[in-house]
A.B. asks: 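Take a look at this one; I'll ask things after.
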Amino acid sequence: MRKFITGNHAVAEAVRLCRTQLVAAYPITPQTPIYEKLSDWEAAGELGGHMMRTESEHSAMAACLSASLAGIRTFTATSSQGLALMHEMLHFASGCRTAVVMCCVNRTMAAPWAFWSDQTDSLSQRDTGWIQIYCENNQEALDSVIQAFRVAEQVLLPCMVVIEANFISHFMEPVEVPSQRRVDSFLPQINIPKRFELENPGFAVPVVSQAQYQRYRKLSQEAMAYALEVIEEVDQEFGDTFGRHYGFVEEVGTEGAELVLVTTATITSTARVVIERLRQEGHKIGLVKIRVFRPFPVQTLKKTLDSAPKIAVIDRNISLGREGIFCSELKAGLINASARAHVQGYLAGIGGTNVSPSLIERIVKDALSREDIVDEPIWIAEENSC
Amino acid sequence: MLEIKFHGRGGQGIVLASQMLGLAFFKAGNYPQCYSLFGGERRGAPVVSFLRVDENEILLKCEIKQPNELLCFDETLISPQELHNQMVPGSKILVNTGQSRGYFKRFLGFTLGLVDGRAVAEQFGLGHMINTAMVGAYCRLNGNLALKYVFEAVREMVPAKEKANLDAVRQGYSAVSIIDSERVT
């Protein structure tokens, strides 16, 4: 059924359709409408699962990972400071090989205090061992949550579905909400090891030796490699069932392109409009959207970008003291490619500032005309926004 | 593509008005995209909300900077100079106002819809909530959206006083006075 809903509402629809048994969360803007929608359904007896209103995000994640260890399908949602407060428990959730699914609504980190889209919150959790999927629009947000449960439960790694403040969370758009029957056929009942047994109590987090710790880390890294396979299989099966699939990376017109623009999340959507117009005008510009950030799809990106003479990466995030994080990751991923491309990083949309078609066009023109690549990121903003 | 701005004050139902119209366009078979700028808004402070409408999927995930339609819930928030800076020339502008047509002679180059939303709301016991009167008036000003879709959207979305709100839509639709840009000049 097609509905006119926000991205937050779309995520809540997916959580309900996935027959999530436990939702433990703490409200924070701009994620709160997810929590509120699920609470409304619980109050009306339409949720199916249980809501657990915890006293902090740290506790929310502790509850989710514990429930997952008991074999329960769990979900939480948060943003910004809430995600930062969860940080310690994120390591536990992946280290314990749980299948927790979370929606992170990207929001600026304090200080200063703001409410807008900025990916630095979720990207700061890069090394916590979570799968991360970045969404472009409301439909992809809904679809990715459904896919995330399949992936997390098969791989036994937690999965973060990332949407953006405002541009997804609060934008209302038409969204295809699949039927319960079809979601049930795609996502079977949860069947993961039950590691908490009341009759047989034990430690979920053993104390280990150096060598044992190293072995655990190696196993988790192997699980990430396995996740790449599973994400692809699940996405293809999702496409067969629902008619929509996304890939790790999506490429538009990269073949023979003089310049390939690399984007993530909602900037991709606006860039599609610009790229189509420029291509009609005869410019050889391609577009690559990076959707899966962890595990990072290095082989796919090498294949996709190997023949691109110039690459421009747009980041709505910053690792202070370096550059945009997707740009750094991409450079590292391409370092051993056969024909090493020149990669120029651009910062646009930081703090949720507007990334309009004309701003993207300025980036394209700058990248095309630039003789020398600079190692520092180039800040591009609309007038009056900086 | 229509790019519509809603401008008013916190407490007037601006956000809900944009969402109701979005839903009405959706029901009419269009592709709408609606958003509001949430921040530190408070009751009485200026609030803006936006709606794009097209026949095809809208890919733009950025702000509307130069709308081609405006619903102004508070006439003190607009001046002719600001409208010329902000709006596409020839835009349709709906204003909630108790002023006569003469007052709007200064607004050259726009098609104006004037409606006393406050009087309509009070007539049906809706107090300050003028959004349904404005949505009804907009429907007539726009001219391409059938009123039945607005009724359906209002029925789905208003939290209370359904009949009064539907009456306000109907009365807003009838009461709006439209001045073509040519006639103003």
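Per chain, numbering begins at 1; letters A, B, ... match sequence-line order.
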A.B. asks: State whether the number of non-hydrogen atoms from other residues, nucleotides or ligands found under 6.0 Å of B:H128 atom NE2 is greater than 12.
C.D. replies: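 Counting other residues, nucleotides and ligands, NE2 of B:H128 stays at 12 neighbours or fewer.
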A.B. asks: Look up atom CD in B:Q19 and atom CD1 in A:I5, then write down how far apart they are to the nearest 0.5 Å.
C.D. replies: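 Output value for this atom pair is 12.0 Å.
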A.B. asks: Distance check, rounded to the nearest 0.5 Å: A:H170 atom NE2 versus B:S49 atom OG?
C.D. replies: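 OG of B:S49 is found 11.0 Å from NE2 of A:H170.
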A.B. asks: CD of A:E46: more than 12 outside heavy atoms within 6.0 angstrom?
C.D. replies: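 It does: A:E46 CD has more than 12 such atoms within range.
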A.B. asks: If I compare all heavy atoms of A:F4 with all of B:G22, which pair ends up nearest, and what's the gap?
C.D. replies: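 Shortest heavy-atom contact: CE2-C, 3.4 Å.
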A.B. asks: With a 4.5 Å cut-off on side-chain heavy atoms, are B:K65 and A:E382 touching?
C.D. replies: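 The answer is yes; the side chains approach within 4.5 Å.
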A.B. asks: Grab the two heavy atoms, one from A:R2 and one from B:F26, that are nearest each other, plus how far apart they are.
C.D. replies: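 Minimum heavy-atom separation between A:R2 and B:F26: O-CZ, 3.6 Å.
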A.B. asks: As an exercise, state the distance from OG of A:S356 to CD of B:Q66, rounded to the nearest 0.5 Å.
C.D. replies: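 Between A:S356 OG and B:Q66 CD, I get 12.5 Å after rounding to 0.5 Å.
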A.B. asks: I'd like to know whether OH of A:Y346 has more than 12 heavy-atom contacts from other residues, nucleotides or ligands below 6.0 angstrom.
C.D. replies: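 Enclosed: over 12 neighbouring heavy atoms sit under 6.0 Å from OH of A:Y346.
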A.B. asks: Could you state the interatomic distance from NZ (B:K61) to OG1 (A:T268), rounded to the nearest 0.5 Å?
C.D. replies: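 B:K61 atom NZ to A:T268 atom OG1 measures 10.5 Å (nearest 0.5 Å).
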A.B. asks: Assess whether atom CD of B:E122 is packed by more than 12 heavy atoms of other residues, nucleotides or ligands within 6.0 Å.
C.D. replies: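 Correct, the count exceeds 12.
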A.B. asks: Starting at CD of B:Q33, measure out to CG of A:N138 and round the result to the nearest 0.5 Å.
C.D. replies: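 Result: 8.5 Å between the selected atoms.
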A.B. asks: Rounded to the nearest 0.5 Å, how far does CG of B:L59 lie from CD of A:E173?
C.D. replies: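 If I round to the nearest 0.5 Å, the distance is 9.0 Å.
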A.B. asks: State, with a plain yes or no, whether a side-chain heavy atom of B:C62 is found less than 4.5 Å away from one of A:V355.
C.D. replies: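 Counting from C-beta outward, B:C62 and A:V355 never come under 4.5 Å.
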A.B. asks: What part of A:E164 gets within 4.5 angstrom of chain B, counting heavy atoms only: side chain, backbone, both, or neither?
C.D. replies: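 Neither part; nothing is under 4.5 Å.
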